[in-house]
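As structure tokens, the structure follows; a few thoughts come after it.
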Amino acid sequence: MAQTRAKKAAARKSGNRKATERTARKALVRAEKSVQAARKAVRDSTKKLRKKAAALDKETKKLTAKLTSASREKVAQAKNAEKARASASPKTTPTPNKVTAEAPISPSQTGAPRPRRTAQRPATKKSPQPASATLVELRERAKAQKLSGYSRLSKAALIAALESQPK
């Protein structure tokens, strides 16, 4: 009887094993089908994207050609207008000794950089120190006069502090 129980248990184990293997095979087949479907979807989307890219490339080439032809036409029109202006105006060459009554040419018309304007300030003596005192010199004076916090002050603040300090 012990042998029959062992045989029955072994048969159940092998049956369970076979059933488990069958279930695993089915799951594997389903997974493979899912992978194939995903690969197909990727291929299809890649084809669609390639078609869209090709269409966009064509559109870009068309627009580039249009832009190029429009810019060429604009340049040609500008040249023709310049020729028309040149032929309409009398051809006179100014002599170097004559003064012409033409308006002066501004730097923006010639493309030259504009000259910088420098403001000239009147010289005023507000402080007894010379205007060329450096920050280091001012700090030395403040140290000599025993001003507190002089190292954190700016040059202007040092000058003001030194002026307000009684000697």
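Position 1 is the first residue of the sequence, and the numbers go up from there. Remember, predicted model here, so these are calculated numbers, not experimental data.
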Reference residue Leu28; test side-chain contact (heavy atoms from CB on, under 4.5 Å); the match among Arg25, Arg30, Lys26, Glu32: Glu32
Salt bridge (charged side-chain N to carboxylate O under 4.0 Å, His left out) contacts touching residues 50-64 (sequence neighbours left out): Asp57-Lys61
For Arg22, salt bridge (Lys or Arg N to Asp or Glu O under 4.0 Å) partners two or more places apart: none
Pair Arg17 + Glu21: basic N to acidic O under 4.0 Å: no
Heavy-atom closest contact (Leu158 atom, Leu138 atom, distance): CD1-CB, 3.9 Å
Carboxylate-amine/guanidinium proximity below 4.0 Å for Arg85 and Glu82: yes
Least distance between heavy atoms, Ala161 atom then Leu147 atom: CB-CD1, 4.1 Å
Val42 to Ser45 - nearest heavy-atom pair and separation: O-OG, 3.0 Å
Any donor-acceptor N/O pair, Lys155 side chain to Ala133 backbone, under 3.5 Å: yes
Euclidean distance, Asn80 CG relative to Glu73 CD, rounded to 0.5 Å: 11.5 Å
Pairing residues for Thr64 by the side chain to side chain contact (heavy atoms under 4.5 Å, CB included) criterion, not counting sequence neighbours: Thr60, Thr68
Rounded distance (nearest 0.5 Å) linking atom NZ of Lys143 with atom CZ of Arg139: 12.0 Å
